[in-house]
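For the numbers below, each heavy atom of this structure counts, side chains included, while hydrogens, waters and symmetry mates do not. So that the names make sense, note that chain A is the first sequence line, chain B the second, and so on, each numbered from 1. Predicted, not measured: the structure shown is a model, and the values here were computed from it.
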2 protein chains.
Amino acid sequence: MEKYRDLHLKLTPQRLAILRYLEGNTSHPSAEDIYKAVLQQYPTMSFATVYNTLEALKNKGRVQELKIDPNKKRYDPDTRQHHHLICVTCRNIVDIYKDFELTLSEDLTSGFELLGNSVEFYGTCQKCRVGN
Amino acid sequence: MEKYRDLHLKLTPQRLAILRYLEGNTSHPSAEDIYKAVLQQYPTMSFATVYNTLEALKNKGRVQELKIDPNKKRYDPDTRQHHHLICVTCRNIVDIYKDFELTLSEDLTSGFELLGNSVEFYGTCQKCRVGN
DNA sequence: CTATCTGCAAACGTTTTGCATCTGT
DNA sequence: ACAGATGCAAAACGTTTGCAGATAG
């Protein structure tokens with residue numbers, strides 16, 4: 001509760017539930033995952049509130065929108081620069097904390113001013129390899 | 001025409017138009033971009049045909065689906081391993097051909113069998129920096 | 001007290017589907 | 001001839017929006 005004070009957002013019960021759900025969550029949940037989780041506590045919870053809160057948290061830099069899944073957005077409460085390893089079979093996502101120190105020489109940047117980068121590794125997780 | 005024989009797909013005029021549009025195309029078009037382009041030649045063209053053809057080409061490994069844009073899928077006829085540099089302002093995408101030789105030590109792979117990786121660089125293109 | 005948030009329902013943009021008809025091989 | 005493609009319209013899906021009523025600060 002205290003630790004969310006600096007968000008300068010109205011801390012409604014629904015928002016606190018979303019914040020609690022996201023805190024330390026490494027499952028990279030979709031809006032629906034969040035909705036379903038919070039719905040159990042607040043049966044009137046709506047998608048509007050989930051998206052509204054995610055938008056606010058994005059703007060405050062407290063959540064990152066991931067483009068890892070082609071079908072829906074996923075959200076990551078860990079906004080430190082990090083990378084992802086994705087199972088091509090079950091779409092499970094694992095965080096990778098490593099600085100690859102990637103650079104691009106002038107002739108590759110096409111005049112862009114670089115701001116950052118993100119690496120996705122693809123593979124098959126242990127569970128999905130069993131039985132194949 | 002000849003060069004598409006090995007796709008083992010029915011080469012309908014609509015498909016050939018899509019293939020021609022994609023050939024050497026580095027604009028990473030969305031389904032709508034493709035639809036609009038082919039529509040001029042075939043006024044009865046439908047999205048169903050665009051998506052159907054893209055699905056077939058994906059399965060044949062002749063086109064790659066990109067998750068670069070959170071709002072819609074984009075397609076890339078260049079299926080060689082390469083990376084992308086994306087303008088955060090105008091969403092323009094530039095190809096990066098460079099092998100970064102990224103590796104993950106055992107303790108980071110969580111038991112995954114690695115298959116590949118893809119790097120996205122973010123930045124602002126020259127055009128979008130002008131006037132800011 | 002009031003700026004902001006909630007929750008519903010309707011709208012939106014993209015992608016998928018069912019199906020009758022057509023066509024490449 | 002017929003497996004497979006087209007094209008239309010409808011539906012599905014994730015996400016966004018408008019708005020009336022509620023509430024945190």
Separation of [X] atom [atom1] from [N] atom [atom2], in whole Å?
X	N	atom1	atom2	result
Lys58(B)	dT16(C)	NZ	C1'	11 Å
Arg15(B)	dG24(C)	CZ	P	12 Å
Tyr35(B)	dT15(C)	OH	P	14 Å
Met45(B)	dT6(D)	CE	P	7 Å
Asn52(B)	dT6(D)	CG	P	5 Å
Leu11(A)	dA3(C)	CG	P	19 Å
Tyr75(B)	dT14(C)	OH	P	12 Å
Tyr51(B)	dG13(C)	OH	P	13 Å

If you pin Pro43(B) and His8(B) to their nearest nucleotides in DNA chain D, which one's is more 5'? His8(B)
Hey, can you tell me if Phe100(A) and Phe121(A) have their rings parallel, tilted or perpendicular (30° and 60° cut-offs)?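 Phe100(A) and Phe121(A): tilted rings.
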With the side chain of [X] defined as its heavy atoms from C-beta on, choose the nearest nucleotide among [options].
X	options	result
Ala48(A)	dT6(C), dG7(D), dT17(D)	dT17(D)
Lys73(B)	dT6(C), dG25(D), dT15(C)	dT15(C)
Thr53(B)	dT6(D), dT15(D), dT15(C)	dT6(D)
Thr44(B)	dT15(C), dG7(D), dT14(C)	dG7(D)

Distance only, no hydrogens: is a donor on one side chain within 3.5 Å (strictly under) of an acceptor on the other, for Asp76(A) and His82(A)? yes
Quick one: label Pro70(A) by what it contacts on the DNA or RNA (base, sugar-phosphate, nothing), any heavy atom closer than 4.0 Å. nothing
NZ-OG1 distance between Lys58(A) and Thr79(A), expressed to the nearest 0.5 angstrom: 14.0 Å
Please determine if a side-chain N or O atom of [X] lies less than 4.0 Å away from the OP1 or OP2 oxygen of [N].
X	N	value
Ser46(A)	dC8(C)	no
Thr49(B)	dA5(D)	no
Gln14(B)	dG7(D)	yes
Thr12(A)	dT6(C)	yes

Polar pair under 3.5 Å, donor/acceptor by atom type, side chain Lys10(B), base dT25(C): no
Full working for side chain to side chain contact (heavy atoms under 4.5 Å, CB included) between Glu120(B) and Ile86(B): CA-CA 7 Å; Glu120(B) 283 171 28; Ile86(B) 303 139; 3.8 Å; yes
Determine, for Arg74(B) against Glu65(B), whether the closest basic-nitrogen to carboxylate-oxygen distance falls under 4.0 angstrom.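 No, no charged N to carboxylate O under 4.0 Å.
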Starting from the 5' end of DNA chain C, give me the residue, Glu32(B) or Pro13(B), whose nearest nucleotide shows up first. Glu32(B)
